[in-house]
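This report refers to the structure that appears directly beneath it.
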Amino acid sequence: MRVGGTGRWSLLPALLATTVLLSACASVPQKAVNPAATLALPGGEFRFAHAQKDAQAADMVRLAVKHAGPRLARWGTFHEPVTLVIHPNHAALERAARRPGYAFLRAWARYEQVEVQSPRTWTSAGATQKQVDELLLHELTHSLMWQASASVSDWTKKGIPLWFSEGMASYTAGQGYRVPSLEDLARFLHDSPQADPLAGAESLYETENATVYGAAHHAFTFLMERYGEARIRGVLTAMRRGQDFTGGFQESIGLPVDAFLRDFRRYVYLRGFKGGRLTPPPARPRPEGRGIPRNPSVPPSSAPHSPTPAPPDTTPGAPSPTS
């Protein structure tokens with residue numbers, strides 16, 4: 001899992017089964033592009049490269065791009081044409097991605113190119129249009145995010161963290177059903193107080209891949225619900241004007257990235273998603289012998305946890321949340 005440098009790659013665990021959507025970036029040889037196959041949409045121009053035997057698969061990919069257009073529009077438009085290279089089999093995709101041994105890889109995205117394993121080879125029965133639609137929406141969200149926030153010469157230098165890039169793609173493609181729940185994430189934070197699946201995603205990738213991707217999806221969803229689309233687009237615009245991610249986030253959202261992540265961890269850790277309080281209520285006098293009252297809106301967990309009053313602070317020195 002890498003962010004910046006030569007690009008970004010993402011892997012979801014086996015629990016996501018055959019329709020896992022993965023992406024990354026690399027420089028690879030392109031197949032010949034058929035000019036007649038160019039697709040011009042309001043949001044951008046798309047080109048398709050494939051062998052003749054994958055003409056039908058290319059039609060599925062082309063249709064998926066059309067379907068993706070309206071949902072991508074919320075983040076802006078493409079500044080450069082995007083070429084979708086359709087590879088005849090999984091081995092060819094692995095070579096293009098330079099990632100041997102990733103049996104679950106289906107696509108690999110970058111600033112202006114997306115490598116796609118031919119949908120006819122995803123399973124013995126091939127892929128459905130719905131599966132291809134979801135894959136391409138996820139991947140094109142990555143490409144659009146990069147184009148909306150940077151030029152082709154500096155897109156790898158913006159420092160966009162995995163929780164934001166993967167969270168945006170997962171949110172846009174409606175993939176919350178694929179990742180662990182907020183309750184699962186809360187349990188993880190209680191069980192592993194020193195682990196940070198957001199700011200420390202790199203170190204957790206090998207052992208807690210599902211948690212990392214679930215945290216990314218839920219953190220971006222939290223960002224959307226609290227601050228809205230316009231301010232998230234503002235983050236991309238600020239980066240396009242020259243800011244890195246940290247500066248663009250502060251400018252548009254109005255608080256430091258660390259403060260937002262602390263706020264989100266607190267929300268999850270204290271199970272704010274269940275409608276309970278985010279901070280313990282003031283102590284009130286109670287009659288002797290009555291026991292400790294419970295908050296009926298927060299069902300007790302079946303796990304042997306003893307929630308503490310505040311989430312672990314995995315961002316030393318970060319300022320307190322402003323909202």
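Side-chain atoms are counted along with the backbone in the values below, which use heavy atoms only and exclude waters and symmetry mates. For the single chain, residues carry numbers from 1 onward in sequence order.
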Worksheet entry | ILVMFWY cluster, Tyr227 and Phe264 together (side-chain gap under 4.5 Å) | yes
Discussion item. Under a 3.5 Å cutoff, is there a donor and acceptor pairing between the side chains of Gln131 and Gln129?
Written reply: no
Item to complete: Report the C-alpha distance between Leu84 and Leu136 in whole Å, list the side-chain angles of each, state the deciding distance to 0.1 Å, and finish with yes or no for side chain to side chain contact (heavy atoms under 4.5 Å, CB included).
Response: CA-CA 10 Å; Leu84 295 100; Leu136 265 297; 3.2 Å; yes
Discussion item. Quiz question: by atom type and distance under 3.5 Å, do the side chains of Gln147 and Glu80 form a donor-acceptor pair?
Written reply: no
Worksheet item: Between Phe245 and Phe249, what is the ring plane arrangement, given parallel below 30°, perpendicular above 60°, and tilted in between?
Response: tilted
Worksheet entry | Rounded distance [0.5 Å steps], CG in Leu135 versus CG in Asp133 | 9.5 Å
Discussion item. Do Glu134 and His138 pair up side chain to side chain, a donor and an acceptor below 3.5 Å, judged on atom types alone?
Written reply: no
Practice prompt. For the pair Glu115 and Arg110, find out whether any cationic side-chain nitrogen is under 4.0 Å from an anionic carboxylate oxygen.
Written response: no
Fill in: Interatomic spacing from OG1 in Thr77 to CG in Leu72 - rounded to 0.5 Å
11.0 Å
Worksheet item: Is there a donor-acceptor contact under 3.5 Å linking the side chains of Thr172 and Trp75?
Response: yes
Discussion item. Looking at Gln56, I'd like to know if its CD atom is crowded, meaning that more than 12 non-hydrogen atoms belonging to other residues, nucleotides or ligands lie closer than 6.0 Å.
Written reply: no
Practice prompt. Using modelled atom types only, decide if a donor and an acceptor are shared between the side chain of His90 and the backbone of Leu105 within a distance under 3.5 Å.
Written response: yes
Worksheet item: With a 4.5 Å limit on heavy-atom distance, are the side chains of Glu183 and Arg271 in contact?
Response: yes
Worksheet, complete the sentence: For Val61 and Pro119 the tightest heavy-atom approach is CG2-CG, 4.1 Å
Fill in: Donor-acceptor contact present, side-chain Thr123 to main-chain Ala125, <3.5 Å
yes
Worksheet item: So do Thr211 and Leu204 actually touch side chain to side chain, heavy atoms under 4.5 Å?
Response: no
Worksheet item: Do Leu41 and Leu63 share a hydrophobic cluster, counting only Ile, Leu, Val, Met, Phe, Trp and Tyr and linking them when any side-chain heavy atoms are less than 4.5 Å apart?
Response: no
Discussion item. Determine whether a donor-acceptor pair (N or O, by modelled atom type, separation under 3.5 Å) exists between the side chain of Ser181 and the backbone of Asp184.
Written reply: yes
Worksheet item: When rounded to the nearest 0.5 angstrom, what is the spacing between NZ in Lys157 and OG in Ser151?
Response: 8.5 Å
Worksheet item: What heavy-atom pair brings Gly174 and Arg71 nearest, and what distance separates the two atoms?
Response: N-NH2, 3.8 Å
Discussion item. Under a 3.5 Å cutoff, is there a donor and acceptor pairing between the side chains of Ser118 and Asp54?
Written reply: yes
Fill in: Contact summary for Pro197 and Ala201, nearest pair of heavy atoms
O-CB, 3.7 Å
Response to the item:
Contacts satisfying salt bridge (charged side-chain N to carboxylate O under 4.0 Å, His left out) that involve residues 209-220 (not counting sequence neighbours) are none
Discussion item. Do Met145 and Ile160 make a side-chain contact, defined as non-hydrogen atoms from C-beta onward lying under 4.5 Å apart?
Written reply: yes
Worksheet item: Tell me, do Val152 and Trp146 make a side-chain contact under 4.5 Å, heavy atoms counted?
Response: no
Fill in: side chain to side chain contact (heavy atoms under 4.5 Å, CB included) between Glu251 and Arg231, intermediate numbers included
CA-CA 9 Å; Glu251 176 182 318; Arg231 290 170 78 176; over 6 Å; no
Fill in: CA sep, side-chain torsions, deciding dist, call: Met168, His142, side chain to side chain contact (heavy atoms under 4.5 Å, CB included)
CA-CA 8 Å; Met168 175 181 278; His142 284 307; over 6 Å; no
Practice prompt. Measure the shortest side-chain to side-chain distance between Lys66 and Leu39 over non-hydrogen atoms and say whether it is less than 4.5 angstrom.
Written response: yes
Worksheet item: Are Ile253 and Leu223 close enough that some pair of their side-chain heavy atoms sits under 4.5 Å apart?
Response: yes
Worksheet item: What are the two closest non-hydrogen atoms of Leu198 and Arg265, and how far apart are they?
Response: CD1-CG, 4.3 Å
Worksheet entry | Aromatic contact, Trp163 with Phe260 (centres under 6.0 Å) | yes
Worksheet item: Taking the six-membered ring for Trp, are Phe78 and Phe46 parallel (under 30°), tilted (30 to 60°) or perpendicular (over 60°)?
Response: perpendicular
Discussion item. Is it the case that the side chains of His217 and Gln175 hold a donor-acceptor pair, with the cut-off being a distance below 3.5 Å and no angle test?
Written reply: no
Worksheet entry | Atom pair OG1 (Thr141) and CZ (Arg74), whose distance is rounded to the nearest 0.5 Å | 9.0 Å
Worksheet, complete the sentence: When rounded to the nearest 0.5 Å, the distance separating CG of Asp154 from OG of Ser149 is 8.0 Å
Practice prompt. Please lay out, stage by stage, how Thr128 and Trp122 fare under the test side chain to side chain contact (heavy atoms under 4.5 Å, CB included).
Written response: CA-CA 10 Å; Thr128 66; Trp122 287 13; over 6 Å; no
Worksheet item: Does a donor on one side chain and an acceptor on the other come within less than 3.5 Å for Glu139 and Ser143?
Response: no
Item to complete: May I ask you to test the Pro81-Glu112 pair for a side-chain heavy-atom distance under 4.5 Å?
Response: no
Discussion item. Ignoring hydrogens, what is the shortest heavy-atom contact between Tyr111 and Arg240? Give both atom names and the distance.
Written reply: OH-NH1, 3.7 Å
Worksheet item: Where do Thr121 and Asn89 come nearest, in terms of heavy atoms and distance?
Response: OG1-CA, 4.1 Å
Worksheet item: Would you say the side chain of Val85 lies within less than 4.5 Å of the side chain of Gln113, judging by non-hydrogen atoms?
Response: yes
Worksheet item: Do Gln117 and His87 get their side chains close enough for a donor-acceptor pair, meaning under 3.5 Å?
Response: no
Worksheet item: NZ/Lys158 to OG1/Thr246 distance, rounded to the nearest 0.5 angstrom?
Response: 11.5 Å
Worksheet entry | Tyr267 and Phe222 aromatic ring geometry - parallel, tilted or perpendicular at 30°/60° bounds | tilted
